[in-house]
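All remarks here apply to the structure that follows.
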Amino acid sequence: MSSANADYADARAVFTPPWRSLAGQLVLWFVGASFLLIMAVSTTLYFGVEAQTNWLDDQLLEKRFDTMRSIVSSNAEGQSWIGHEVSEDMEGPRRVFVRLVSADGRAHDETPNMSSLIGIDDFPSAHGLAPNIMRRGSALAADGRHYRVLSARAAAAGPLAPFVTVQIAMDTTLDEVVRRRYRYSLLWIIVASLGLCAVIGHFVVSRAIGPLTRITAATSSVTTMTLDQRLDLTGLPRELHELGAQFNTMLDRLQTAYAGLRHYADDVAHELRTPLNKMLLGAEVALLGANSTEAYRDALEQNMDQCEKLAQLVQRLLFIARADNKQTALVVEPINLHDKLESVRAYFEESAVDLGIDLRVAAPHDVTFEADRGLVQRAIANLVANALSHSSRGGEVVLSGEAVEGDVRIVVTDKGCGIGPEHVAHVFNRFYRADPDRTAGGDRDGMGLGLAITKGIVALHGGTISLQSAPGKGTCVVIVLPRESSTVSARS
Ligand SMILES: Nc1ncnc2c1ncn2[C@@H]1O[C@H](COP(=O)(O)OP(=O)(O)OP(=O)(O)O)[C@@H](O)[C@H]1O
Ligand SMILES: [Mg+2]
C-alpha cells in the first residue's frame, strides 16, 4: 500500500461516523426516541392549552350573544339598548366588537370603527343556520391584533324581524402573546432536553459497551507470547459473559494448537538433524587422511542412505500436510474390498516370506466401497508394515474386511510384541514411537509418522480408526470407512 493510501486508511480508521459505531447508533436512537416523545407531549400540551383558552373566550362570546339575542327579540324599548350594548367593552385589552347584520347582508348596528378592523366577511358565515346555532373561529384584524369571533342568527322583533345575524369579536391578542411565549418556552425545553438526552445517552451507552471495549482490547493484545492469558470475566454483563467465556475457550484451543505446532516443528527439526549430522560426520571422517577408494565409496553410500531417509521424511511430511487438508481433492472410485487387501498382501508378500511371517487375507469377494484408491492403499500398507515389523518369525498377520451396514470394516491383526497401554493413546501422534529403544539401533528405523498418515487419510474419507493392543499378545487396528462417496463428503 502506498503511503498516501496508508494515511487515508489511517484517517478512516480514526474517524468513524456516529451511525457506523454501535455507541453512536444507540445514542442517535435514544435521542430520536426522546425527541419524538418530547414532541408528542409538548404538542399535546400546547394544543390543550390553546383549546382551553379558546373555550374560555367562547364562553364570554356566548354570554354576549345571549344578551344581544334577548335585546333584539325584545320590544322597541328593549332594542333601544342596542347602541349601548354594541359600544360596551371598548376599553382594555379584551375589547369586544358587536355587529348586527340585517337580512339584506348589511350592518344594521355595530361597534364604532368595527368595519375598519373586521369586516362582515371576516366572520364565519351564519347563512342558512338555524337560530342560536353559533359558529366560532379566529381572525386577524387589520390592526394586526388577534380576535376570537362568533356569528349566529337570532330571532328579532321590530325592524330587524324576523332574523338578524349577530357577529361578536373579542380581542384575544393577550392570549396569543401568552401562547407565543409558551411556544418559545417549549422550543427551548425541547432543545435543552435533547442536549440532556444526548449527554445521558452517551454516558449510559459508554457504560454499557465498556466491557465490549475491554474484550476488544484483550483480543487485539493476543500474540503467540500471550496465549496463556485469559479475559477476566468478573463484572461482565450477562450478554457479554458468554462471549467472554467463548473467547477464553478459543484461546484454550489456540494455545493447545500452537503448542502442538511448536512440538511438531521441534520434532521435524530433530528428525532432520539426525541424518544431516550423520552425513556431516561421514563426510568429515572420509576427508580426514588418505583413504582408499573403497572407504570413499562406503562414505558416499552411507550419505546416500541418509539422503534417501531425508527425502522420505520430506515426502511423508508433505503427505501428512495433504491428508490434514480438508480441501484435498479425493479421486473417489469403486474399489473391491478383497482385491484391495489382496493387492496390499501381494506388495508385502516377499518381505513377509523373508521375515517368516504368514500374511493372509480374509474378506468376502463381493464387497465394494468408494474411496481414493491410492490413499486407501497407503493407509492399509502403513498398518501392514507396522504389523510385519513388530511380529517375530513364525508369526501371522491377517488382513480382514467385511461390510457392516453402510460401512466397510478393515482390520489388520498381528500376534507381535504389542504396545504398552501407556503408549496406545499416543501412537497416532506425529513422530510418536512406542518402542524407541528397539528402533534406535535396530533394523526398524521408523519415523513415527505411519499411523498419523493413516489416521489423516481415514479422516479425509469421513471414517474412523481405532487400535487395541496387548503387550506380548499382538495388535489389532480397525478402520471403518463409509461405503458410498456421498457419505464420504458429508462425514468429512
Ligand atoms: N502393530 C504394531 N505392533 C506393535 N507396535 C506398533 C504397531 N503399530 C504401531 N506400533 C507402535 O506405534 C508407533 C507408531 O507407529 P507409526 O507407524 O506411526 O510409526 P513407525 O512405524 O515407528 O514409523 P513409520 O511408520 O513412520 O515408518 C511405532 O513406533 C510402534 O512403536
Ligand atoms: Mg509405521
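Computed from a predicted model, the values in this text were never measured in an experiment. Numbers here are sequence positions counted from 1. Note that ligands are numbered from 1 as they come in the structure, with each ligand's atoms numbered from 1 the same way.
The residues Arg433 and Glu271 are annotated as salt-bridged, a charged nitrogen and a carboxylate oxygen being separated by less than 4.0 angstrom. Salt bridge annotation for Arg360-Asp358: present, with a cationic side-chain nitrogen under 4.0 angstrom from a carboxylate oxygen.
Put simply, Asn382 stays out of reach of the Mg ion (ligand 2), with no N, O or S atom under 2.8 Å from it.
Of all non-hydrogen atoms in Ala139 and Val149, the two that sit nearest each other are CB-CG1, 4.1 Å. The shortest non-hydrogen separation linking Ala299 to Gly282 is CB-O, 4.3 Å. The shortest non-hydrogen separation linking Gly244 to Leu231 is CA-CD2, 3.8 Å. In this structure, Ile465 and Val458 approach most closely via the heavy-atom pair N-CG1, 4.2 Å. Smallest separation of non-hydrogen atoms from Arg483 and Ala403: NH1-CB, 3.6 Å.
The proximity of His390 to ligand 1, defined as any non-hydrogen pair under 4.0 Å, is limited to the side chain. Residue Leu383 does not touch ligand 1, judged by heavy-atom distances below 4.0 Å. Contact annotation: for Phe428 versus ligand 1, there are no heavy atoms closer than 4.0 Å.
The residue among Ala385, Gly448, Ser469, Ser389 with a heavy atom at the shortest distance from atom 23 (O) of ligand 1 is Gly448. Selection from Thr413, Asn386, Ile419 by nearest heavy atom to atom 6 (C) of ligand 1 gives Ile419.
Close contacts between ligand 1 and Leu449 involve ligand atoms 18 (O), 19 (O), 23 (O), 24 (P), 26 (O) [criterion: under 4.0 Å to a heavy atom]. Near Met447, meaning under 4.0 Å from any of its heavy atoms, are these atoms of ligand 1: 23 (O), 24 (P), 26 (O), 27 (O). Below 4.0 Å from some heavy atom of Tyr432 lie the following atoms of ligand 1, by number and element: 13 (C), 14 (C). Of all atoms in ligand 1, listed by their number and element, those nearer than 4.0 Å to a heavy atom of Leu451 are 9 (C), 15 (O), 16 (P), 17 (O), 18 (O). Near Gly418, the atoms of ligand 1 lying under 4.0 angstrom from a non-hydrogen atom of the residue are 4 (C). Listed by number with element, the atoms of ligand 1 under 4.0 Å from a non-hydrogen atom of Arg316 are 24 (P), 25 (O), 26 (O), 27 (O). Set against the non-hydrogen atoms of Arg433, the atoms of ligand 1 under 4.0 Å away are 22 (O), 29 (O).
Judged purely by atom type and a 3.5 angstrom limit, Asp372 uses its side chain to pair as donor or acceptor with the backbone of Val331. For Arg373 (side chain) and Glu370 (main-chain N/O), no donor-acceptor pair under 3.5 Å exists by modelled atom type.
Not a single heavy atom of Gly416 sits closer than 4.0 Å to an atom of ligand 1. Within the structure, ligand 1 lacks Asn382 among the residues with a heavy atom less than 4.0 angstrom away.
Neither side chain, Glu308 nor Gln312, offers a donor N or O lying under 3.5 Å from an acceptor on the other.
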